[in-house]
Visitor: 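One structure is given below, represented as structure tokens, and several questions about it will come after.
Counting starts at 1 for both ligands and their atoms, in listed order. Just so it is clear, the structure is predicted and the values come from calculations on it, not from any experiment.
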Amino acid sequence: MHQPPISQLSSADPELARLVEAEAERQYAKIRLIASENYVSQAVLEATGTVLTNKYSEGYAGRRYYEGQQVIDKVETLAIERAKAVFGVEHANVQPYSGSPANLAAYLAFAKPGDTVMGMALPAGGHLTHGWSVSATGKWFNPVRYGVTKETGRVDLDEVRDLARNHRPKLIFCGGTAIPRTIDFPAFAEIAREVDAVLVADIAHIAGLIAGRAHPSPVGYADVITTTTHKTLRGPRGAMILSSAEHGKALDKAVFPGLQGGPHNHTTAGIAVALGEAAKPEFRNYAQAVVDNAKALAEALRERGFELVSGGTDNHLILIDLTNKGIGGKPAAQALDRAGIELNYNTVPFDPRKPFDPSGVRLGTASITTRGLEATRMPRLAEWIDRVVGAAAEQDEATIDRVAAEVRELLATYPMPGWSAHTP
Ligand SMILES: *Cc1c(COP(=O)(O)O)cnc(C)c1O
């Protein structure tokens with residue numbers, strides 16, 4: 001059952017309670033490899049389920065528009081102080097509703113509609129909000145995009161520099177959603193400085209690795225750092241903007257009143273709890289284990305003939321190009337889900353197929369690491385992925401069912417925060 005228990009919900013709204021229980025059970029029963037997801041602690045779950053959701057608090061601590069902020073000011077200040085300490089920054093805004101609005105705040109603070117902005121192309125691994133055409137950021141600004149080199153699958157910094165020199169963007173985004181390699185923040189900073197652009201490091205995926213010292217930090221290089229709080233950082237769904245004191249005022253104004261109304265105080269509380277967890281020494285072990293698991297899984301997949309974009313990984317993320325396996329990303333992802341292995345289909349750089357039916361799948365090791373799976377389990381996981389991908393190509397449902405049973409057997413020995421097989 002769900003932990004903490006949802007007994008009141010069960011009696012007041014059994015229909016919804018059944019859905020929550022079903023989702024908790026589903027998260028328990030799957031090997032969750034979606035690179036942007038995790039399992040938050042029960043402490044984070046409790047914080048996000050509190051009466052703090054009842055309170056309106058537009059503005060910032062000491063400068064609110066409604067009365068009754070005696071406690072909320074302290075909650076938000078606690079989250080801010082912890083964010084500053086964990087990441088070593090002078091300023092933190094913990095109010096953005098999610099990663100996309102956090103990025104919008106960077107635009108609002110430093111650019112005007114029609115200005116040139118630069119980011120990684122979505123099909124190369126960038127995010128929609130880095131100026132992709134269907135996003136407001138691609139419609140209201142003039143986007144220039146960099147990609148990766150075909151041979152290496154890595155960002156070509158010479159291309160980034162040439163584009164920056166030719167187009168003189170106001171903002172440069174680095175970071176993305178499908179980048180398996182270390183982001184070279186010093187190199188991006190040098191390019192941004194040369195063309196007088198504001199460098200935004202979007203660390204949504206790798207924030208937990210940075211907090212746990214398993215990936216270099218952009219602090220001291222990027223002018224603005226945006227991040228979600230719910231990916232490797234393992235907090236509730238939300239976001240933060242980190243910066244020097246110098247840029248703090250413009251960013252705060254962009255978030256409120258520029259883009260948002262009242263902050264989600266229950267989320268802020270959950271972020272504070274997650275940051276408290278990230279400050280503990282154990283979190284460094286977790287961050288390192290996430291990377292160790294990804295490297296072990298990448299190696300085991302390569303031994304089985306899987307082609308990995310960039311040849312491997314430095315972080316939590318692996319991007320597989322399935323072209324040589326004779327199956328598209330979508331049917332492979334669907335078959336893996338039936339086998340209890342959950343991931344997402346994904347475009348690979350220079351993908352000849354359509355975004356809704358691309359050539360690849362994306363995997364991440366944050367959730368399974370939180371769950372406690374060790375690097376020694378990764379060869380088995382690679383074997384399951386291999387068997388299922390092969391079975392899917394041959395419509396062999398019996399093999400997929402057999403793997404599903406093996407997955408269930410393994411997971412029974414790994415408890416999950418947020419769900420318990422036993423009634424307390
Ligand atoms: C996930 C992500 C976002 C957006 O976060 P949402 O909370 O889904 O809006 C922005 N940038 C990057 C790089 C991301 O990975």
Side-chain angles (χ1 to χ4, degrees), residues 32-38 40 44 48 87 93-108 117-132 134-138 141 143 145-148 155 171-185 188 199-211 215 217-218 222 224-242 251 254-255 259-260 263-264 267-268 270-271 274 290 294 309 313-319 343-344 346-347 349 362-367:
R32 297 175 59 229
L33 294 174
I34 292 182
S36 49
E37 295 182 351
N38 215 325
V40 300
V44 168
T48 55
F87 288 95
N93 185 310
V94 297
Q95 292 193 5
Y97 297 142
S98 216
S100 301
N103 282 343
L104 285 183
Y107 287 89
L108 185 59
V117 297
M118 190 161 99
M120 195 179 205
L122 184 71
H127 190 259
L128 285 163
T129 54
H130 298 180
W132 196 242
V134 296
S135 155
T137 61
F141 299 90
R145 293 155 192 143
Y146 58 88
V148 295
V155 173
L171 283 180
I172 298 177
F173 278 85
C174 61
T177 63
I179 305 174
R181 294 298 181 176
T182 301
I183 299 166
D184 190 343
F185 298 120
F188 272 100
L199 178 64
V200 185
D202 180 348
I203 61 167
H205 262 264
I206 53 176
L209 306 184
I210 292 169
H215 186 291
S217 169
V224 180
I225 300 165
T226 58
T227 184
T228 57
T229 46
H230 48 271
K231 300 181 184 176
T232 54
L233 189 57
R234 213 160 64 181
R237 312 198 74 78
M240 304 190 292
I241 306 176
L242 313 171
L251 290 162
V255 173
L259 287 167
Q260 298 189 167
H264 295 179
T267 300
T268 306
I271 291 172
V290 169
V309 172
T313 182
D314 298 327
N315 53 31
H316 65 301
L317 190 145
I318 298 165
L319 197 54
L343 43 67
N344 66 282
N346 213 98
T347 51
R362 186 188 69 160
L363 301 63
T365 50
S367 301

Visitor: Report the nearest protein non-hydrogen atom to atom 15 (O) of ligand 1: residue, atom name, distance rounded to 0.1 Å.
Guide: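 The protein heavy atom lying closest is Lys231 NZ, 2.7 Å.
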Visitor: Suppose I only count heavy atoms of Asp202 and a 4.0 Å limit; which atoms of ligand 1 are within that range?
Guide: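 It comes down to these atoms of ligand 1: 10 (C), 11 (N), 12 (C), 13 (C).
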Visitor: Mind checking whether Ser98 has an N or O less than 3.5 Å away from an N or O of ligand 1?
Guide: yes
Visitor: Please confirm whether the backbone N or O of Ala204 pairs with a side-chain atom of Thr228, one donor and one acceptor, at under 3.5 Å?
Guide: yes
Visitor: Does only the side chain of Arg237 get under 4.0 Å from ligand 1, or the backbone, or both, or neither? Count heavy atoms.
Guide: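 It is neither part, as no heavy atom is under 4.0 Å.
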Visitor: In terms of atom number and element, which parts of ligand 1 are under 4.0 angstrom from non-hydrogen atoms of Gly99?
Guide: 4 (C), 5 (O), 6 (P), 7 (O), 9 (O)
Visitor: Please list, in number order, the atoms of ligand 1 under 4.0 Å from a heavy atom of His230.
Guide: 7 (O)
Visitor: Give the atom numbers and elements of ligand 1 that come within less than 4.0 Å of a heavy atom of Thr228.
Guide: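 Under 4.0 Å from Thr228, ligand 1 has these atoms: 5 (O), 7 (O).
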Visitor: Of all the atoms in ligand 1, which lie at a distance below 4.0 Å from a heavy atom belonging to His205?
Guide: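 Once the distances to His205 are compared, the set is 15 (O).
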Visitor: Ligand 1 and Ser100, any nitrogen or oxygen pair closer than 3.5 angstrom?
Guide: yes
Visitor: Decide yes or no on side chain to side chain donor-acceptor pair (under 3.5 Å) for Asp202 and His127, but give the supporting numbers first.
Guide: CA-CA 9 Å; Asp202 180 348; His127 190 259; 5.2 Å; no
Visitor: Relative to ligand 1, is Ala204 under 4.0 angstrom through side chain, backbone, both or neither, heavy atoms considered?
Guide: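 Just the side chain.
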Visitor: Any idea how Phe188 and Tyr146 line up, ring-wise: parallel (<30°), tilted (30 to 60°), or perpendicular (>60°)?
Guide: tilted
Visitor: Nearest protein heavy-atom contact for atom 4 (C) of ligand 1: which residue, which atom, what distance?
Guide: His127 NE2, 3.3 Å
Visitor: Taking side chain as C-beta onward, heavy atoms only, is Ile225 less than 4.5 Å from Met240?
Guide: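 They are not in side-chain contact.
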Visitor: Determine, using heavy atoms of Gly176 and all atoms of ligand 1, whether some pair is separated by less than 4.0 Å.
Guide: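 Gly176: in contact with ligand 1 (<4.0 Å).
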Visitor: State whether a side-chain donor-acceptor pair under 3.5 Å links Thr137 with Ser135.
Guide: yes
Visitor: I need the Ile183 CD1 to His215 NE2 distance, nearest 0.5 Å.
Guide: 5.0 Å
Visitor: Classify the angle between the aromatic ring planes of Tyr97 and His264 as parallel (below 30°), tilted (30 to 60°) or perpendicular (above 60°).
Guide: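 Parallel.
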Visitor: So, does Thr48 use its side chain to make a donor-acceptor pair with the main chain of Thr267 at under 3.5 Å?
Guide: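 Judged by distance alone, no pair lies under 3.5 Å.
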